[in-house]
Amino acid sequence: MQRRSRLVVAVLATILAVSAGCTVPSYAPNGSGEARPAPASTQNPSGRTGTADWRPCPDVPEGLVGQGAPGMTYDCADVDVPRDWNDASSGETYAISMIRIRSSKQSGRTGSLLINPGGPGGSGIDTAVYLSFGEAFGGLPAKVTEKFDIIGFDPRGVGRSAPVKCISPTDQDASFAAPPDPVGLEQFNQLVELNKRIATSCASKYSDQLPLFSTEQAARDMDSLRQAVGDDKLTYLGFSYGTLLGATYAQLFPQNVRAMVLDGAVDPKQNFVEGSETQAKGFERAFTNFTNWCKATPDKCPIAPDARKAVTDAITAAATKPVAAADGRQATSGWIFVAVISSLYTESGWAKLAGAISQLKGGNPRSVLALADQYAERKPDGTYSNLFDANLAVNCADTEDAPSLDEVRRLQGEWRTKYPLFGAPLAVGMLPCAVWEGKRDPYPVGAATNAPPIVVVGTTGDPATPYENTADLASMLGVGHVLTWEGEGHTAYPSTPCIVNAVDAYLIDLKVPQEGLRCPAK
């Protein structure tokens with residue numbers, strides 16, 4: 001039982017930690033459910049959305065962690081929504097999958113709490129299951145589960161909801177293994193060609209459907225889910241990219257919002273280049289915090305005192321002589337960089353990164369590859385979930401201002417100087433959308449006029465959605481209220497009692513946190 005409990009904690013940490021912002025297709029993560037074939041289109045001449053026909057699904061938590069949480073029941077449903085909300089009468093639909101988790105101790109039910117973990121590409125179904133295990137395992141507090149049904153959903157194109165799958169495992173491996181900063185023009189052009197091949201594969205398979213995986217389309221789906229679960233108003237908890245999804249909903253349906261917590265803010269006002277540079281700055285700052293921790297606690301960091309040098313030396317060495325694992329797989333510079341990215345999403349990942357780099361120096365790449373595979377959702381057999389397929393489709397559908405190849409190349413050099421470890425890779429990370437062949441459908445940017453107060457939570461050491469975004473998103477919405485966690489890692493709730501108490505009081509009683517409230521790291 002103790003071993004299983006630890007597994008729940010580990011998986012929950014992964015699912016919440018690996019949910020980056022929406023601006024970096026090459027490295028934007030979150031956990032995603034296992035892809036299944038997209039359901040056939042159903043004819044719905046009226047264009048109206050479906051209702052939830054709940055069925056017990058204890059197999060979902062059993063498949064994820066071996067069992068359901070004590071005192072919780074799990075039911076699943078699919079809701080049909082128009083493929084294209086701009087042509088809802090066409091009759092073509094997607095089936096959006098969701099799970100409802102209900103506590104046996106529920107009393108005085110307020111309604112449903114809809115959850116999105118980010119990505120884009122993260123499975124809200126999986127996340128809801130992990131959160132159902134309660135505070136002891138880093139999940140939702142009992143006072144929340146006793147007032148709300150917990151609703152997790154996989155957005156269109158993600159996990160169990162008409163999943164996008166168009167990147168071969170070979171191309172996926174090549175993308176992650178590639179040099180994070182291809183300095184030479186030949187290497188750069190090879191990466192361009194790889195991304196063009198991926199773009200062509202996705203366009204060949206999905207064609208005119210590609211713009212339909214946009215954030216605005218998914219936000220409109222959310223209102224159908226609200227109706228399907230029987231709520232007059234939406235109560236929503238969105239992490240990372242989920243803040244963009246929530247902000248889009250609030251602009252489209254302000255009158256339908258009851259309460260909304262946006263944790264790990266994306267700034268919708270930033271263009272694609274600005275968003276990518278913001279992330280480069282955030283990751284560089286988080287990595288510096290990691291190196292300072294190493295210097296201050298050398299007993300916990302085997303690559304102290306100069307962790308930055310140890311990591312950069314490892315990446316440089318792997319460019320010409322990667323360390324091979326027992327099965328022949330090589331820890332290339334790209335895989336090492338992915339491991340670094342993965343480790344910065346939680347403060348607990350710092351020690352794992354230090355240990356992995358130390359082991360790599362000793363000729364053992366297993367820990368580096370394990371960290372990278374956790375992030376990439378690469379399975380032992382070399383296959384992948386559809387996380388990054390969906391991530392690519394959503395990000396590029398949203399982006400109408402992707403830079404040219406020449407501009408990417410120019411920014412690669414400029415950002416290398418400004419952000420030594422992360423600048424060039426984050427510039428190169430814009431290549432997938434620069435060569436994307438699908439049409440674009442950018443999300444709206446503006447105020448959520450007439451919406452109730454919305455709580456926007458920011459973490460001062462957040463690498464993927466830097467803290468500066470928090471006030472910017474709150475200001476754009478016009479009804480946003482900032483709540484700050486002075487901690488490390490990506491997203492804040494439910495991390496400390498101060499954050500938990502403030503968010504829970506808002507979700508349950510609509511009590512807006514004290515203006516300017518800052519919660520300590522511990």
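One is the number of the first residue; the rest follow in order along the sequence.
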Under 3.5 Å, is there a donor-acceptor pair linking the side chains of [X] and [Y]?
X	Y	answer
Y241	N116	no
R308	T288	yes
D373	W335	no
T346	S348	yes
Y94	Q217	no
D381	T383	yes

Interatomic distance, [X] atom [atom1] to [Y] atom [atom2] [nearest 0.5 angstrom]:
X	Y	atom1	atom2	result
E437	I198	CD	CD1	11.5 Å
E400	N271	CD	CG	10.5 Å
L237	I115	CG	CD1	5.5 Å
I303	F290	CD1	CZ	4.0 Å
Q279	I341	CD	CD1	8.0 Å
Y130	L140	OH	CG	14.5 Å

Do other residues, nucleotides or ligands put more than 12 heavy atoms under 6.0 Å from the NZ atom of K300?
->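 It does not: K300 NZ has 12 such atoms or fewer within range.
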Is it the case that more than 12 heavy atoms not belonging to N189 sit under 6.0 Å from its CG atom?
-> yes
Please lay out, stage by stage, how T470 and T459 fare under the test side-chain contact (heavy atoms from CB on, under 4.5 Å).
-> CA-CA 9 Å; T470 312; T459 301; over 6 Å; no
Between [Y] and [X], is there a side-chain heavy-atom distance shorter than 4.5 Å?
X	Y	answer
N395	P120	yes
P182	Q190	no
E277	K418	yes
T248	P444	yes
T484	Y467	yes
C301	W293	yes
T200	S204	yes

Determine the minimum heavy-atom distance between [X] and [Y], stating which atoms define it.
X	Y	result
P432	L392	CB-CD1, 3.3 Å
P425	F337	CB-CZ, 3.5 Å
G438	L210	CA-CD1, 3.8 Å
L421	E284	N-OE1, 3.1 Å
P494	G139	CG-O, 3.4 Å
A474	V482	CB-CG2, 3.8 Å

Whether [X] side chain and [Y] backbone form a donor-acceptor pair below 3.5 Å:
X	Y	answer
D267	L473	no
D398	T215	yes
Q251	A247	yes
K361	A314	no
Q412	A427	no
N386	V164	yes
K269	D472	yes
N469	A265	yes
S175	D171	no
T243	S240	yes

Determine which pairs satisfy disulfide (SG to SG under 2.5 Å) with at least one residue from residues 303-346, sequence neighbours left out, and list them in order.
->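 Sorted pair list comes back empty.
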Do [Y] and [X] meet the salt-bridge criterion of a basic N to acidic O distance under 4.0 Å?
X	Y	answer
E216	R220	yes
R378	D173	yes
R410	E414	yes

When L244, L245, L252 are each screened for side chain to side chain contact (heavy atoms under 4.5 Å, CB included) with Y443, the one that passes is L244
Would you please test F287 and V311 for side-chain contact (heavy atoms from CB on, under 4.5 Å) and show each step?
-> CA-CA 10 Å; F287 185 71; V311 170; 3.9 Å; yes
Which is it for R160 and D126 under the salt bridge (charged side-chain N to carboxylate O under 4.0 Å, His left out) test, yes or no, and what are the steps along the way?
-> CA-CA 10 Å; R160 303 164 180 84; D126 293 0; 2.8 Å; yes
With side-chain contact (heavy atoms from CB on, under 4.5 Å) as the test, would you mind laying out the steps for W436 and C202 before giving the verdict?
-> CA-CA 9 Å; W436 191 244; C202 293; 3.6 Å; yes
Carefully, step by step, assess D389 and Y384 under the rule side-chain contact (heavy atoms from CB on, under 4.5 Å).
-> CA-CA 9 Å; D389 308 73; Y384 291 80; 5.6 Å; no
Candidates F422, W415, Y419 - the one meeting ring pair (Phe, Tyr, Trp, His ring centres under 6.0 Å) with F283 | F422
Return the set of residues passing salt bridge (charged side-chain N to carboxylate O under 4.0 Å, His left out) with R409 (not counting sequence neighbours), or none when no residue passes.
->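 R409 satisfies salt bridge (charged side-chain N to carboxylate O under 4.0 Å, His left out) with no residue once adjacent residues are dropped.
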